[in-house]
S.K.: 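Below you will find the structure I want to go over with you.
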Amino acid sequence: MSLLADLVNLDISDNSEKIIAEYIWVGGSGMDMRSKARTLPGPVTDPSKLPKWNYDGSSTGQAPGQDSEVILYPQAIFKDPFRRGNNILVMCDAYTPAGEPIPTNKRHAAAEIFANPDVIAEVPWYGIEQEYTLLQKDVNWPLGWPIGGFPGPQGPYYCSIGADKSFGRDIVDAHYKASLYAGINISGINGEVMPGQWEFQVGPSVGISAADEIWIARYILERITEIAGVVVSFDPKPIPGDWNGAGAHTNYSTKSMREEGGYEIIKKAIEKLGLRHKEHISAYGEGNERRLTGHHETADINTFLWGVANRGASIRVGRDTEKEGKGYFEDRRPASNMDPYVVTSMIAETTLLWNP
């Protein structure tokens, strides 16, 4: 008799042209990811060639029971690192049967901003640093921490090695390779300041693709932690007290910023961001006030300030950008549970389309 693992890893391409497409979408909380699979007659590489599908929105908090059908529109395709072969992961957004985006569909509004000719002309690049915390299942306590107790103070854990300092590396490396396999532009990983906390980076990616890639990378991470029997948390401050929170620092540049004289463009963009600080903060993630305290490498949530190489600022400009007079800047305000569709499009809208 075959082992279960043998059947899970069957290569169906040996005797069938059919493929499995895993349709993925964001659920009603704005952070829960949902997915279901369907069989297609053959390989597909263009999302426009994929059929629309539906699901029961009353079971995801996205539709009433008496009118529960929600329609999935395929938007981006990635290779499936779990089923492999020609099988795919499909990032979708959600609409009513009449074709209206449902309220939790943040991709639709973002796509409209990124389709604006003024935004397209500036080729906005994003590099997103996604922090997260690995938790022991059932006890909801960080991986590697003594149950009901605390490890030693922060200091030895950032980018660390060793069984007493680094917890969950097998999960992190599995996620790294699976994301590369999927076609995500994942650019690196590292252990974070709080033990049990890690980070991966996506980018530079252009426009809305950065947000699609973050969502699929989150999906892959959740699937891997499911296999490992570990819980992943995107809470911006999972452990209160003298422990670092978790953010999603968003690095950003436009064509004008990357060219000669770009530093002046950067400063004007930062000035605009400062004028809309409250609007951005309100859209940058739930519970962010627990993280943005002015401590642990953050600026206070009510204060907007920027600086060169200042990790306690709202916006950080790198030394190289200042020296070369062009480059990018980092918005350090987004929380780890931010919606990348909202954050990336809002930064583009404020810096490229909004006139104070």
Side-chain angles (χ1 to χ4, degrees), residues 22-27 29-35 47 74-81 88-94 104-111 113-114 124-134 171-172 174-190 192 197-225 232-236 245-253 280 283-286 288 328 330-349:
E22 190 78 26
Y23 279 47
I24 300 164
W25 71 97
V26 181
S29 74
M31 260 315 282
D32 60 313
M33 301 199 74
R34 310 289 179 127
S35 75
Q75 299 292 358
I77 291 175
F78 298 84
K79 293 177 67 178
D80 186 339
I88 55 176
L89 304 177
V90 184
M91 190 66 209
C92 305
D93 58 355
T104 53
N105 178 356
K106 304 303 181 185
R107 192 186 192 280
H108 179 80
I113 290 170
F114 285 118
W125 287 4
Y126 296 91
I128 301 173
E129 305 170 32
Q130 176 68 70
E131 295 178 342
Y132 60 93
T133 308
L134 297 174
I171 292 169
V172 174
H175 175 254
Y176 194 178
K177 287 187 174 181
S179 296
L180 285 170
Y181 178 94
I184 294 166
N185 190 23
I186 186 168
S187 47
I189 57 166
N190 61 267
E192 266 305 326
Q197 198 170 83
W198 293 82
E199 172 184 300
F200 66 87
Q201 303 94 32
V202 165
S205 299
V206 178
I208 203 164
S209 64
D212 285 335
E213 291 178 13
I214 282 287
W215 274 119
I216 292 295
R218 285 174 173 176
Y219 173 85
I220 292 171
L221 180 59
E222 291 236 35
R223 286 284 304 275
I224 290 171
T225 54
V232 59
S233 170
F234 295 103
D235 189 282
H249 304 153
T250 302
N251 298 277
Y252 171 71
S253 71
H280 279 255
Y284 273 18
E286 293 295 323
N288 212 9
Y328 71 96
E330 175 191 36
D331 191 338
R332 296 180 59 80
R333 297 171 295 172
S336 51
N337 61 1
M338 62 85 165
D339 188 321
Y341 293 130
V342 173
V343 169
T344 57
S345 62
M346 196 172 192
I347 292 172
E349 180 188 32

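Just so we're clear, the structure is a prediction, and the values are computed from it rather than from any experiment.
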S.K.: Please tell me if the side chains of Met91 and Tyr219 come closer than 4.5 Å, counting only heavy atoms from C-beta onward.
M.R.: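 Heavy-atom side-chain distance check fails, nothing below 4.5 Å.
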S.K.: Taking the side chain as every heavy atom from C-beta outward, state whether Val90 and Pro47 have any pair of such atoms under 4.5 Å apart.
M.R.: no
S.K.: Is the closest side-chain heavy-atom distance between Ile184 and Phe78 below 4.5 Å?
M.R.: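 They are in side-chain contact.
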S.K.: Side chains of Val26 and Thr104: does their closest heavy-atom pair fall under 4.5 Å?
M.R.: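 Answer no - side chains too far apart.
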S.K.: Would one find more than 12 heavy atoms of other residues, nucleotides or ligands at under 6.0 Å from atom CD of Glu286?
M.R.: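 Counting other residues, nucleotides and ligands, CD of Glu286 stays at 12 neighbours or fewer.
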S.K.: Between Ile186 and His175, is any pair of side-chain heavy atoms under 4.5 Å apart?
M.R.: yes
S.K.: Mind checking whether Glu330 and Glu129 have side chains closer than 4.5 Å, heavy atoms only?
M.R.: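 Side-chain contact under 4.5 Å: yes.
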S.K.: Give me the ring orientation class for Tyr132 and Phe200: parallel if the planes are under 30° apart, tilted from 30 to 60°, perpendicular past 60°.
M.R.: tilted
S.K.: Pair Gln130, Val202 - check side chain to side chain contact (heavy atoms under 4.5 Å, CB included), show working.
M.R.: CA-CA 8 Å; Gln130 176 68 70; Val202 165; over 6 Å; no
S.K.: Using a distance-only test with no angle check, is there a side-chain donor-acceptor pair under 3.5 angstrom linking Asn190 and Glu192?
M.R.: yes
S.K.: Under 30°, 30 to 60°, or over 60°: which ring-plane class applies to Tyr126 and Phe114, parallel, tilted or perpendicular?
M.R.: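 Ring orientation, 0 to 90° scale: perpendicular.
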S.K.: State whether a side-chain donor-acceptor pair under 3.5 Å links Gln75 with Asp93.
M.R.: yes
